[in-house]
Number of protein chains: 2
Amino acid sequence: MARAQTLSRNQQIVLDIIEKAKGPLKAYSILFNVQKKGINAPQQIYRALDKLIEMGKIHKIESKNAFVACRSSDCEISKATAFSICESCEMVDEISDAKLSKYISSFNHKKGMKFKRFNLEFFGLCKKCK
Amino acid sequence: MARAQTLSRNQQIVLDIIEKAKGPLKAYSILFNVQKKGINAPQQIYRALDKLIEMGKIHKIESKNAFVACRSSDCEISKATAFSICESCEMVDEISDAKLSKYISSFNHKKGMKFKRFNLEFFGLCKKCK
DNA sequence: ATAACAAACGTTATATTATAACACTATGAT
DNA sequence: ATCATAGTGTTATAATATAACGTTTGTTAT
Ligand SMILES: [Zn+2]
Ligand SMILES: [Zn+2]
Ligand SMILES: [Zn+2]
Ligand SMILES: [Zn+2]
C-alpha cells in the first residue's frame with residue numbers, strides 16, 4: 001500500500017514552523033527554533049525537509065538555501081515551481097500562474113532533452129521595497 | 001571610466017578552468033585544480049567567481065552550487081538565464097532561446113513586482129541518459 | 001611623476017550548509 | 001514470526017561560503 005499522507009512527528013514539527021513563518025527559513029534557523037521540542041541535530045531537520053519536499057508540502061529556494069511552505073494547492077508536487085524573490089527584503093512569493101507554467105512545461109529543448117521538472121526564480125524589488 | 005573588460009590574473013585562471021571543463025565545476029574543485037598556480041585559499045576562488053558572474057562570463061547553477069562558462073554571447077549579462085540539467089550524468093547545458101527568454105522576461109507578477117532578472121533550471125534526462 | 005583611489009591580492013580564521021554512518025524503534029505485510 | 005520499510009537519535013565530519021585584516025597593483029587626476 002502506498003504510504004498515507006500522514007506526517008511523522010518531526011515532519012509535522014518542521015512543517016508547522018515553515019508554515020507559520022512569514023518568509024523563507026534556513027535549515028539551521030529551523031533547528032534552533034525546535035530545540036525546545038527535543039530535536040537536536042541537523043540530520044533530523046534535513047530528513048524532515050527532504051520528505052516534505054518530496055510530498056510537495058514545501059519548496060526549496062535554491063538561490064537562498066531556504067525553505068518555504070507551498071501555498072498553491074495545484075502546484076503539481078513540485079514539478080513546476082516559480083517564485084518571486086525580493087532582493088531587498090528577502091521576501092519570497094510562490095507564483096502560480098497556469099499559463100506561465102504551461103508555457104514553460106511545454107518548452108522542448110532542441111538537443112533532445114525531455115524535462116520532468118523545472119524551477120524558476122525571479123529577482124527584483126517587491127512592491128514595498130520599490 | 002567604466003572598467004575595461006580585462007581580467008585579472010586570478011580571474012583568468014579561474015575562467016580558463018571553467019571554460020575547459022566539460023561540466024559544471026564546484027568552487028573547491030576549482031581550488032584544488034589551481035593550487036599549482038599559487039592559489040591557496042577559497043577566498044581567492046570565490047572572489048574571482050563573483051566578478052566573473054558579474055561580468056556574465058560564467059553562471060552559477062544554483063541547484064548544484066556549481067559554475068559553468070557562459071556559452072551564449074547574447075545572454076544579456078546574466079539577466080535571463082536558463083539551463084537544462086541531467087539528473088543522471090550531471091550534464092548542464094545553457095539554453096538560449098530568444099522566445100522563451102522573451103516570454104518569461106515579459107511575465108509580470110500580479111502582486112506588483114517588477115523583475116530585474118530570472119533564472120530557470122530544467123531537470124530531466126539528457127539524450128544519452130534517456 | 002606623484003598622490004589618491006579603487007580593485008585585486010594573500011592569508012588566517014570562522015561561519016554556514018549538508019551528509020555519512022551506525023544503532024535503535026515502530027509499523028505493517030506475507 | 002520474520003521481513004521490509006520508514007522513521008528516530010546521535011556523533012562526527014564534509015562541503016560550501018564569508019569575515020576581517022593588511023598589502024599590492026593598476027588607474028586616474030593633478
Ligand atoms: Zn507549491
Ligand atoms: Zn522587498
Ligand atoms: Zn550565458
Ligand atoms: Zn545525462
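Numbered from 1 within each chain, the chains take letters A, B, ... in sequence-line order.
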In B/S/- notation, 5' to 3', how is nucleotides 14-21 of chain C contacted by protein heavy atoms closer than 4.0 Å? ---BBBBB
Rounded off to whole Å, could you give me the [atom1]-to-[atom2] distance for the [X] and [N] pair?
| X | N | atom1 | atom2 | result |
| --- | --- | --- | --- | --- |
| Glu62(B) | dA17(D) | CD | C1' | 13 Å |
| Lys37(B) | dC9(C) | NZ | C1' | 17 Å |
| Ile39(A) | dG7(D) | CD1 | P | 14 Å |
| Leu52(B) | dA7(C) | CG | P | 16 Å |
| Leu25(B) | dT16(D) | CG | P | 12 Å |
| Arg9(A) | dT8(D) | CZ | C1' | 10 Å |
| Ile30(B) | dT16(D) | CD1 | P | 11 Å |

Less than 4.0 angstrom between a side-chain N/O of [X] and OP1 or OP2 of [N], yes or no?
| X | N | answer |
| --- | --- | --- |
| Gln44(A) | dG9(D) | yes |
| Lys51(A) | dG7(D) | yes |
| Asn10(B) | dG10(C) | yes |
| Asn40(B) | dT11(C) | yes |
| Ser8(B) | dA7(C) | no |

Among residues at least two apart in sequence or on other chains, which ones pass salt bridge (charged side-chain N to carboxylate O under 4.0 Å, His left out) with Asp16(A)?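 Salt bridge (charged side-chain N to carboxylate O under 4.0 Å, His left out) list for Asp16(A), sorted by chain: empty.
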Check this for me: does any side-chain nitrogen of one of Lys64(B) and Glu90(B) sit under 4.0 Å from a carboxylate oxygen of the other?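 So Lys64(B) pairs with Glu90(B) through a salt bridge.
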Could you pull out all residues at least two apart from Glu54(B) that satisfy side chain to side chain donor-acceptor pair (under 3.5 Å)?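 Once residues adjacent in sequence are excluded, Glu54(B) has no partner under the side chain to side chain donor-acceptor pair (under 3.5 Å) criterion.
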Aromatic ring proximity Phe107(B)/Phe122(A), centre distance under 6.0 Å: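 So the answer is yes for these two rings.
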Would Ser63(A) and Phe123(A) satisfy side chain to side chain contact (heavy atoms under 4.5 Å, CB included), going step by step from the backbone distance to the final call? CA-CA 10 Å; Ser63(A) 60; Phe123(A) 303 88; 3.5 Å; yes
Do Thr81(B) and Asn119(B) have a side chain donor and acceptor closer than 3.5 Å?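 There is such a pair between these side chains.
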Are more than 12 heavy atoms, taken from residues, nucleotides or ligands other than Lys130(B), located less than 6.0 Å from that residue's NZ atom?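 Yes.
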